[in-house]
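Computed from a predicted model, the values in this text were never measured in an experiment.
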Amino acid sequence: MPSPSAPVGRTTRRAAATRPAVTVLSGFWPAATMAVARTLLAADPSLLVVRYDVGPAHDGAPHRVLRDGTGPVEDVRLDLVDGCVCCTLRADAPATLARLTAARPDRDIVLVLPEVVEPETLATACAHGRVAGRPVGDLVRFDSYVTVVAADHLLDGLASTDDLSQLGIAAAPGDRRRLADVIARQIEYADTVVLWGGSTDHAFEAHRLGVLLSRMAPWAVHLRAGDQPTIDATRLAGQLRHTDRHRPETPAVLDRGVEGHLIGVHEPVADCGVVSAVFRARRPLHPARLYAALADVTAGPLRSRGHLWVASRPETVLGWESAGGGLTLHTLGRWLVDLPDEQWEQVSPQRRLAAALDWDPYYGDRHSNLVFVGVDFDPVDLHRRLAGCLLTDAELADGEAGWRNLPDPFTGGAVGPG
């Protein structure tokens, strides 16, 4: 049942407890993810484990496989929706959860996602989806989003420059996501991260991976399992099920900074070589200098994310995420200082509060806030390079009219080297 500290009333908690609890498992390495699923099933044979399998055995066609403690219950081949694995899951998962809940209301569910699907995809589909006119959240309770990470492959995966299409595992035609991006997003969205496998004989490496994961997702609970000859299934189940860790009201990872949430921790002193450095600045970034610095800024860290404002686009919040040596910029909307007063009510109360607490008489709520996480990179050099991209006093004095005329290599979707 939800913990007494959960931010819901007693009536809401009692209502939630009567709905089947759903534990969502994601991870790029199916062997590790399924090992956790089997462990949970061993601890509670009444569980319903739903796996969406797109492995080679099915020639890329998604199959929905349902099993419980007695063995397989169904194996259904699904028709691809728009040729897209993620679209297929968004369409099928809510209906499947509703069907299972209606048929077996007393049994909890473990939902195992394909390796190329990011958990936020499912969360968004279920948050806005309806089945027979009812919200999915009225039928089931999403208890926890768990990402399972294979200890033996994590560093190679985060350092990979391959994209999914190069590896032949793209979720849809035109899917150009990097392998490192997918792994990072699975870790960052999770409320629980399980480091699976490895050897107790390599204590330093295990600790280093644990530090890296905790820096990448400081908001998550971090566990280690699968590193012993035997697994205590009951103990692991107690750590992963009925935790009430999922908070659907939490903003998307890239939106968290402007909403006043933590985007990362500043730990510039290396722990087993792992560094986490936060860069925050009030004055805007010069677009041409930032573009020229991208290769150096993204080369060292394994992962970076956050938001920034570029002088040539003074009204736009730009989301930033980098992994695998590449960078993606996203438009996250407008700064509040640029919005007419009548449009402020369309913004979340949390964002308005965050802006008010940090409001600057000149800049308003505009600022840059980025976190960089990796192994053996120099945070001082990184900060120096980014600080060198900020407008100088003379450039700042030109005002917004002058900033808009600055050369902007990002125009047209360019995102720099990598």
Here the gap from L139 atom CG to L100 atom CG, rounded to the nearest 0.5 Å, amounts to 11.5 Å
Any donor-acceptor pair under 3.5 Å from R305 side chain to M216 backbone:
yes
Indicate yes or no for a side-chain donor-acceptor contact from S214 to the backbone of V211 under 3.5 Å, with no hydrogens or angles considered.
yes
Are any non-hydrogen side-chain atoms of D92 and R64 less than 4.5 angstrom apart?
yes
side-chain contact (heavy atoms from CB on, under 4.5 Å) evaluation trace for L336 with W344
CA-CA 7 Å; L336 297 190; W344 277 50; 3.7 Å; yes
Please output the side-chain donor-acceptor pairs of residues 29-41 that fall under 3.5 Å, not counting sequence neighbours, one pair per line with the distance.
unit_1	atom_1	unit_2	atom_2	d
T33	OG1	W29	O	3.2
T39	OG1	A35	O	2.7

Do R215 and E188 sit within salt-bridge range, that is, some charged N less than 4.0 Å from a carboxylate O?
no
For H307 and H367, I'd like to know if the aromatic rings sit close, meaning centre-to-centre distance below 6.0 Å.
yes
Lys/Arg-Asp/Glu bridge criterion (N-O < 4.0 Å) met for D138, R19
no
Is W403 reaching over with its side chain to a backbone N or O of R313, donor-acceptor style, under 3.5 angstrom?
no
Is the distance from the ring center of F410 to that of Y291 below 6.0 Å?
yes
Cut-off 3.5 Å, side chains only: do T298 and S322 have a donor facing an acceptor?
no
Short N-O contact, R224 and E205, less than 4.0 angstrom:
no
Considering only residues two or more places apart or on different chains, which pairs with a residue in residues 156-194 satisfy ring pair (Phe, Tyr, Trp, His ring centres under 6.0 Å)?
Y145-Y189
Under 3.5 Å donor-acceptor, R247 side chain and D244 backbone
yes
If you count every heavy atom of other residues, nucleotides or ligands that lies below 6.0 Å from R235 atom CZ, does the total exceed 12?
no
Spatial distance of atom CG (D152) from atom CG (L155) [nearest 0.5 Å]:
10.5 Å
Strictly distance-based, threshold 3.5 Å: is any side-chain N or O of D143 a donor or acceptor partner for the main-chain N or O of H242?
yes
Test: salt bridge (Lys or Arg N to Asp or Glu O under 4.0 Å). Region: residues 254-281. Which pairs qualify, not counting sequence neighbours?
R280-D358
Sub-3.5 Å donor-acceptor pair from the side chain of R177 to the main-chain atoms of V116, do we have one?
yes
Hey, is R104 close enough to D68 for a salt bridge, meaning N to O under 4.0 Å?
no
For the residue pair F372 and W320, categorise the inter-ring angle as parallel (less than 30°), tilted (30 to 60°) or perpendicular (more than 60°).
perpendicular
For D378, what residues pass the salt bridge (charged side-chain N to carboxylate O under 4.0 Å, His left out) criterion, not counting sequence neighbours?
none
Counting distance only, does the side-chain N/O of R67 pair as donor-acceptor with the main-chain N or O of G71 below 3.5 Å?
no
Using modelled atom types only, decide if a donor and an acceptor are shared between the side chain of Q186 and the backbone of E115 within a distance under 3.5 Å.
yes
Has S368 got a side-chain atom pairing as donor or acceptor with W309's backbone, closer than 3.5 angstrom?
yes
Gap separating the CG atom of D44 from the CG atom of D108, nearest 0.5 angstrom:
7.0 Å
Exercise answer: donor-acceptor pairs, residues 121-135 side-chain atoms, under 3.5 Å, sequence neighbours excluded:
unit_1	atom_1	unit_2	atom_2	d
T121	OG1	E118	O	3.3
T124	OG1	E120	O	2.9
R130	NH1	G133	O	2.6

Between S276 (side chain only) and V265 (backbone N and O only), is there a donor and an acceptor less than 3.5 Å apart?
yes
Mark yes when over 12 heavy atoms from residues, nucleotides or ligands other than D106 sit less than 6.0 Å from its CG; otherwise mark no.
yes
By salt bridge (charged side-chain N to carboxylate O under 4.0 Å, His left out) - contacts of R90 (at least two apart):
none
Between R185 and E321 (salt bridge meaning N to carboxylate O under 4.0 Å), is one present in this structure?
yes
Test side chain to side chain donor-acceptor pair (under 3.5 Å) on R245 and T192 and set out the steps.
CA-CA 8 Å; R245 292 188 185 124; T192 310; 3.0 Å; yes
Report the C-alpha distance between R334 and Q343 in whole Å, list the side-chain angles of each, state the deciding distance to 0.1 Å, and finish with yes or no for side-chain contact (heavy atoms from CB on, under 4.5 Å).
CA-CA 11 Å; R334 298 165 67 185; Q343 293 186 22; 4.1 Å; yes
